Participant: 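Let me begin by handing over the structure; questions about it come next.
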There are 2 protein chains.
Amino acid sequence: MNIQFNNRDPVYVQVVRHFKNQIAKGFLQPGQAIPSRRELANQLKINPNTAQRAYKEMEEEGLIKTEKNQPSRVTSNESILQDLRDELIIQAVNEFVTSVKSINVPLDDALTLVKQKYEGEKGDSDD
Amino acid sequence: MNIQFNNRDPVYVQVVRHFKNQIAKGFLQPGQAIPSRRELANQLKINPNTAQRAYKEMEEEGLIKTEKNQPSRVTSNESILQDLRDELIIQAVNEFVTSVKSINVPLDDALTLVKQKYEGEKGDSDD
DNA sequence: ATCGGTGTATTAAGCACTTAATACATATTT
DNA sequence: AAATATGTATTAAGTGCTTAATACACCGAT
């Protein structure tokens with residue numbers, strides 16, 4: 001567990017994004033336990049309330065479930081998990097297409113650039 | 001001249017983005033005059049200082065030039081204009097590739113989705 | 001039963017940033 | 001010369017939001 005924080009986005013947003021990526025990637029499995037608020041706060045050197053804020057967001061989106069005196073767990077609702085992945089993809093596509101169309105980049109150029117960039121980098125990014 | 005403002009980003013940022021798109025698209029030509037701060041403020045119903053803020057940003061990036069008692073003009077520096085377009089494109093590509101790689105979307109899937117989205121929409125967006 | 005860990009809620013503090021208000025110098029026009 | 005429009009700078013106000021502080025109830029283990 002390690003997150004490279006930037007100074008631009010709020011910490012809790014970055015934490016949520018990190019978990020979403022982990023989940024969408026399948027690195028965090030359905031039903032899998034995740035650290036407690038205070039434990040996560042310790043690991044990431046953030047305030048416990050910030051961790052709570054992140055977990056609350058995920059809870060409200062149905063990504064994690066928390067039961068009395070049990071560690072929070074990734075939801076086992078496959079539909080939600082599928083939706084998460086779809087949403088992340090769709091959002092990325094929409095933003096990209098909007099951007100390139102707004103400055104009249106031809107489709108083929110855009111595709112070529114994506115291909116080059118995608119293949120040009122070795123490892124996966126994580127957040 | 002018309003901008004559809006959202007409530008998320010600062011107004012001056014949206015103004016800058018609008019001009020950047022117009023320039024990158026070639027809709028605003030090199031050397032072409034743009035409205036005065038107060039005139040733009042009137043047109044867009046924004047505070048003159050907000051217009052000034054936007055122009056200042058563009059001035060600092062070398063996108064526009066302002067000479068004493070002349071309307072501000074789009075720079076005639078072709079290199080800057082080319083860089084602008086390149087930057088917008090590269091940024092869009094980077095963000096997109098980072099996003100899809102972070103959740104292990106295969107390249108072919110990504111390309112297909114972009115193609116579909118691109119072709120699926122008729123008009124260009126403007127900001 | 002006491003202690004430590006957990007989730008949660010409320011409130012306060014802090015902070016960065018945008019927008020607004022105001023003023024000034026200059027130049028062009030009437 | 002007066003008036004109008006321009007760019008620019010300084011300062012103030014407002015505002016939304018993140019983060020921190022604190023407290024409470026619950027449960028399991030010692």
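Convention: sequence-line order gives letters A, B, ...; per-chain numbering from 1. Being a predicted model, the structure only gives us computed values, none of them experimental. For the numbers below, each heavy atom of this structure counts, side chains included, while hydrogens, waters and symmetry mates do not.
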Participant: Tell me the interatomic distance from E59(A), atom CD, to dT6(C), atom C1', rounded to whole angstroms.
Facilitator: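 Rounding to the nearest Å, CD of E59(A) and C1' of dT6(C) are 14 Å apart.
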
Participant: Between dG7(C) atom P and E67(A) atom CD, what is the distance in whole Å?
Facilitator: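 The answer, rounded to whole Å, is 13 Å.
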
Participant: Give me the first and last nucleotide of DNA chain D, going 5' to 3', that has any atom under 4.0 Å from a heavy atom of chain B.
Facilitator: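 From 5' to 3', the first and last contacting nucleotides are dT6(D) to dA9(D).
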
Participant: Over how many whole Å does the gap from I64(A) atom CD1 to dT6(C) atom P extend?
Facilitator: 15 Å

Participant: Looking at side-chain heavy atoms only, is the closest gap between Q116(B) and T112(B) below 4.5 Å?
Facilitator: yes

Participant: Between R85(B) (side chain only) and A24(B) (backbone N and O only), is there a donor and an acceptor less than 3.5 Å apart?
Facilitator: yes

Participant: Nearest whole angstrom, please: distance from the P of dT19(C) to the CG of N7(B).
Facilitator: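 N7(B) atom CG is separated from dT19(C) atom P by 11 Å.
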
Participant: Would you indicate whether the side-chain heavy atoms of S72(A) and R37(A) approach each other to under 4.5 Å?
Facilitator: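 In short, these two side chains touch, coming nearer than 4.5 Å.
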
Participant: When you group the ILVMFWY residues by side-chain heavy-atom contacts below 4.5 Å and let the links chain together, are V74(B) and Y12(B) in the same group?
Facilitator: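 No, because Y12(B) and V74(B) fall into different hydrophobic clusters, even though each may have its own neighbours under 4.5 Å.
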
Participant: What is the distance from CG of N47(A) to C1' of dT8(C), rounded to the nearest Å?
Facilitator: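 The distance from CG of N47(A) to C1' of dT8(C) comes to 14 Å, rounded to the nearest Å.
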
Participant: Just by protein heavy atoms under 4.0 Å, how would nucleotides 24-30 of chain C read 5' to 3' in B, S and -?
Facilitator: ---SS--

Participant: So, does Y12(B) get its side chain near the phosphate of dT18(C), meaning an N or O under 4.0 Å from OP1 or OP2?
Facilitator: yes

Participant: Evaluate the side-chain contact (heavy atoms from CB on, under 4.5 Å) criterion for residues N21(A) and L88(A): first the C-alpha distance (whole Å), next the side-chain angles of each, then the deciding distance (0.1 Å), finally the verdict.
Facilitator: CA-CA 9 Å; N21(A) 283 340; L88(A) 291 178; 4.1 Å; yes

Participant: Rounding to an integer number of Å, can you tell me how far R8(B) CZ sits from dT18(C) P?
Facilitator: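 My rounded result for the distance is 15 Å.
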
Participant: Provide, to the nearest angstrom, the distance between the CG atom belonging to L44(B) and the P atom belonging to dT19(C).
Facilitator: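 After rounding, the reported distance stands at 12 Å.
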
Participant: Has T66(A) got a side-chain N or O lying under 4.0 Å from the OP1 or OP2 atom of dG7(C)?
Facilitator: no

Participant: When the ring planes of F96(A) and F96(B) are compared, do they come out parallel, tilted or perpendicular, using 30° and 60° as the limits?
Facilitator: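 Taking F96(B) first and then F96(A), their aromatic rings lie parallel (interplane angle under 30°).
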
Participant: Go through L40(A) and I34(A) one step at a time and tell me if the side-chain contact (heavy atoms from CB on, under 4.5 Å) criterion holds.
Facilitator: CA-CA 9 Å; L40(A) 182 75; I34(A) 59 178; over 6 Å; no

Participant: Mind checking the CD-CD1 spacing from E59(A) to I64(A)? Nearest 0.5 Å is all I need.
Facilitator: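 Here the rounded value is 5.0 Å.
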
Participant: Run the side-chain contact (heavy atoms from CB on, under 4.5 Å) test on R17(A) and K20(A) for me, step by step, so that the C-alpha distance in whole Å, both residues' side-chain angles and the decisive distance to 0.1 Å come before the verdict.
Facilitator: CA-CA 5 Å; R17(A) 183 162 52 223; K20(A) 282 189 175 180; 5.6 Å; no

